[in-house]
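Written out below as structure tokens is the structure these notes cover.
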Amino acid sequence: MIKDIQSEIMRLKKELDFLLLVHCYQSHDILEVADFVGDSFGLAQKAAKSGAKNIMMCGVRFMAETVKILCPEKRVYLPEPDAGCPMADQLSPEDLRALKEEYPDYTAVCYINTTAKLKTLCDVCVTSSSAVQIIGRIDNDRILFIPDCNLGDYVSKKLPGKTFKFIKGGCPNHARMTLAEAERAKEKHPGALMLVHPECRPEVVDLADYAGSTTGIMDFARDSECSEFIIGTENSIISHLSIDYPEKRFYPLSKDCICQNMKLTTISSVLNTLLSAGGMAAPYGEEILLDEETRLGAKRCIDRMLELG
Ligand code: 13P
Ligand code: SF4
């Protein structure tokens, strides 16, 4: 059954000239039909270079918006309109304007997990894999970083020469993992390396052997000579790694790190969105549309990220 759906998706992608971009937190059956699987930086880079007429983003809304911002001439689809990122909505444009007034000498840097509207008010945007490099290259030692204070803390420790201001934002799924859980996992698996996302709490990141983006974690596990790993990020990464490297063992830092928003997209949503875009079925999914002023304002911020990264 899943194989049939996957074959139909492969056929329709070609017929309708669709590029399928898939974030690492999607389920394995979606990864198998992807043209590209990656972290948010890799997805943005790929979108910027794509020649396809249509792009489907299997991930969450800010990722689809990023594609539309970079590729206005393409039709961009999000299969499940409710797939948002709670972190992206934590700060309103009014809140950010007030912060910028409070810290006028600071360069406003936003995590890519933000709405297009927020990006219009920032100087540069970063992802978890590019934040240290990009902020390190900014010609100002004062950085207002929104909204993830955990990622901000991670970056600030790597760049001690800069002064940072944060708000209390972040990913509810990563921030839920505790130091006690991390310590318990280490005790249970003493031979394992602990790999975490920098959206985790600082005390969890401090205990880890490696902190990096979703792709960074997967690449580290692939390249490492170690055969056991505790994974501190969305638990889909554990199933992907277990399938790709059956000779290695992967344990969750916490069983609770599941992003329900990422889980909304299923292999059937992908097929239904393709059928709908091709006029072969009832409307499904959402075509991302942005007004030109918002798009251009947000593009400036993303272009700067692609230049500096
Ligand atoms: P990456 O940039 O590592 O893919 O992270 C995106 C994300 O939403 C992590 O929770
Ligand atoms: Fe957003 Fe967290 Fe889900 Fe990533 S895991 S998309 S940051 S809610």
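Counting starts at 1 for both ligands and their atoms, in listed order. Quantities reported herein were computed from a predicted structural model and do not represent experimental measurements.
For Asp89 and Arg61, the salt-bridge test fails: no basic side-chain N is under 4.0 Å from an acidic carboxylate O. Ion pairing between Lys117 and Asp291 holds under the 4.0 Å rule for side-chain N and carboxylate O. A salt bridge links Glu307 with Arg304: the distance from a Lys NZ or Arg NE/NH1/NH2 to an Asp or Glu carboxylate oxygen falls below 4.0 Å. With respect to the salt-bridge test (charged N to carboxylate O, under 4.0 angstrom), the residues Arg11 and Glu15 qualify.
Atoms of ligand 2 found under 4.0 Å from any heavy atom of Cys171, numbered from 1 in the order shown, are 2 (Fe), 5 (S), 7 (S), 8 (S).
For Asn261, no heavy-atom contact with ligand 2 is shorter than 4.0 Å.
Within the 4.0 Å heavy-atom shell around ligand 2 one finds Asn173. The shortest heavy-atom distance from Met262 to ligand 1 is not under 4.0 Å. The shortest heavy-atom distance from His174 to ligand 1 is under 4.0 Å. Heavy atoms of Cys171 come nearer than 4.0 angstrom to ligand 1 in no pair at all.
Among the atoms of Ser40, some N or O lies under 3.5 angstrom from an N or O of ligand 1.
Using cut-offs of 30° and 60° for the angle between ring planes, the Phe250 and Phe229 rings count as parallel.
Considering only non-hydrogen atoms, atom 3 (O) of ligand 1 lies nearest to His197 out of Glu199, Met87, His197, Met63.
The protein heavy atom nearest to atom 4 (O) of ligand 1 is His23 NE2, 2.6 Å.
Interatomic distance, Leu43 CG to Leu70 CG, rounded to the nearest 0.5 Å: 11.5 Å.
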